[in-house]
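What follows is a short report on a single structure.
Computed from heavy atoms alone, side chains included, the values below leave out hydrogens, waters and symmetry copies. Order of the sequence lines sets the chain letters (A, B, ...), proteins ahead of strands, with each chain counted from 1.
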Protein chains: 2
Amino acid sequence: MTATVRIDLDSGDPVWRQIADQVRAALVSRRVKPGAQLATVRELALDLGVNHNTVAEAYRQLAAEGFLQLERGVGALVLDREAPRPPAAEQERFARRLKLLLAEARAAGVPVAALRKTIEEVL
Amino acid sequence: MTATVRIDLDSGDPVWRQIADQVRAALVSRRVKPGAQLATVRELALDLGVNHNTVAEAYRQLAAEGFLQLERGVGALVLDREAPRPPAAEQERFARRLKLLLAEARAAGVPVAALRKTIEEVL
DNA sequence: ACGCTTGTATGCCTTGACCAGACAAATTGT
DNA sequence: ACAATTTGTCTGGTCAAGGCATACAAGCGT
């Protein structure tokens, strides 16, 4: 059993990144704990209706970030990963992305209260 | 004079969208007010070191969203645009993106306090 | 040892970003 | 009025990346 992943083909950003993002979110929030087994690339691919290479690309990304350990014949193992010390430039980059997303949401008419609610829901 | 736009070629998402996002942020925050003239597509393109078509694509996007009025021989005029009533599905979509971005930031090691600070800075 | 499962590598096609340059409409100068 | 200039738009072309089908390699179970 893994995190239920939802794919939006009209999203604009690639499917493999959507998968990586959502699985990462599940791992960071500890909804899936270290030691657990994720779905195999083919399982998840079949579930999502995409090619297994697409899922494999997402898994490789997470493995490169230190979240997963991939092994042939075994599958994807969730590692215990402590948060790194990000450089200030990296933090600034996230700050920019956050500002832009909030601006886009407000431009779309999403009320500020709704945004706050979602934020508090995460932290 | 327009909003100072910064392009990140390694960002992964297309330049025209980066431009659109940043200009939109400037418009939503009212740092550029309705009635003002934006830089022409060629001016901004020269400034950023990209092709004028790239900027034009970004401007077209904003025009389609109702932010700008484009006219040949004139330029880009900032319109007065009231926030639409977004459907619940749209709000949910933004909520998802927001959660994912925050998860990614936390995964990168950005402290929660820094995130809160940036958020408050916008609202 | 054999077959099955699992991640990986290769090759191909399609899509989209970006660009160069030509075109069309509106303004400006004379 | 006319012509030149300015401005957004359109067309065609190149290239990188996403996604897929298929074949390969490594580990596990019987």
Enumerate donor-acceptor pairs with a distance under 3.5 Å from any side-chain N or O in residues 68-81 of chain B to protein atoms, sequence neighbours excluded.
| from | atom 1 | to | atom 2 | distance (Å) |
| --- | --- | --- | --- | --- |
| B:R81 | NE | B:E65 | O | 2.7 |
| B:R81 | NH1 | A:A107 | O | 2.8 |
| B:R81 | NH2 | A:A107 | O | 3.3 |
| B:R81 | NH2 | B:E65 | O | 3.4 |

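- In this structure, A:L46 atom CG and C:dT5 atom C1' are separated by 15 Å, rounded to whole Å.
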I'd like to compare against my own output: the B/S/- annotation of nucleotides 12-18 of chain C with a strict under-4.0 Å heavy-atom distance to protein. -----SS
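- Here B:N53 pairs with B:N51 under the side chain to side chain donor-acceptor pair (under 3.5 Å) rule; sequence neighbours left out.
- The minimum heavy-atom distance between B:R24 and B:L62, with the atom names listed, is CB-CD2, 3.8 Å.
- Rounded to whole Å, atom P of D:dC28 lies 11 Å from atom CD of A:Q37.
- For the salt bridge (charged side-chain N to carboxylate O under 4.0 Å, His left out) test, no residue two or more places apart in sequence or in another chain qualifies with A:R6.
- Here D:dG19 presents its P atom at 12 Å from CG of A:D8, a figure rounded to the nearest Å.
- Here B:L101 pairs with A:F94, A:R97, A:L98, A:L101, B:E104 under the side chain to side chain contact (heavy atoms under 4.5 Å, CB included) rule; sequence neighbours left out.
- With sequence neighbours left out, A:D47 forms a side chain to side chain donor-acceptor pair (under 3.5 Å) with no residue at all.
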Sequence neighbours excluded and cut-off under 3.5 Å, please list the side-chain donor-acceptor pairs for residues 111-123 of chain B, or say none.
| from | atom 1 | to | atom 2 | distance (Å) |
| --- | --- | --- | --- | --- |
| B:R116 | NH1 | A:E120 | OE2 | 3.1 |
| B:T118 | OG1 | B:A114 | O | 2.6 |
| B:T118 | OG1 | B:L115 | O | 3.3 |
| B:E120 | OE2 | A:R116 | NH1 | 3.1 |
| B:E121 | OE2 | A:K99 | NZ | 3.3 |

Assign a letter to each nucleotide of nucleotides 2-15 of chain D from its 5' end: B, base within under 4.0 Å of a protein heavy atom; S, sugar-phosphate only; -, no contact. ----BBBBB-----
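- With sequence neighbours left out, B:D8 forms a salt bridge (charged side-chain N to carboxylate O under 4.0 Å, His left out) with A:R93.
- What separates CG of A:L77 from C1' of D:dG27 is a distance of 15 Å, to the nearest Å.
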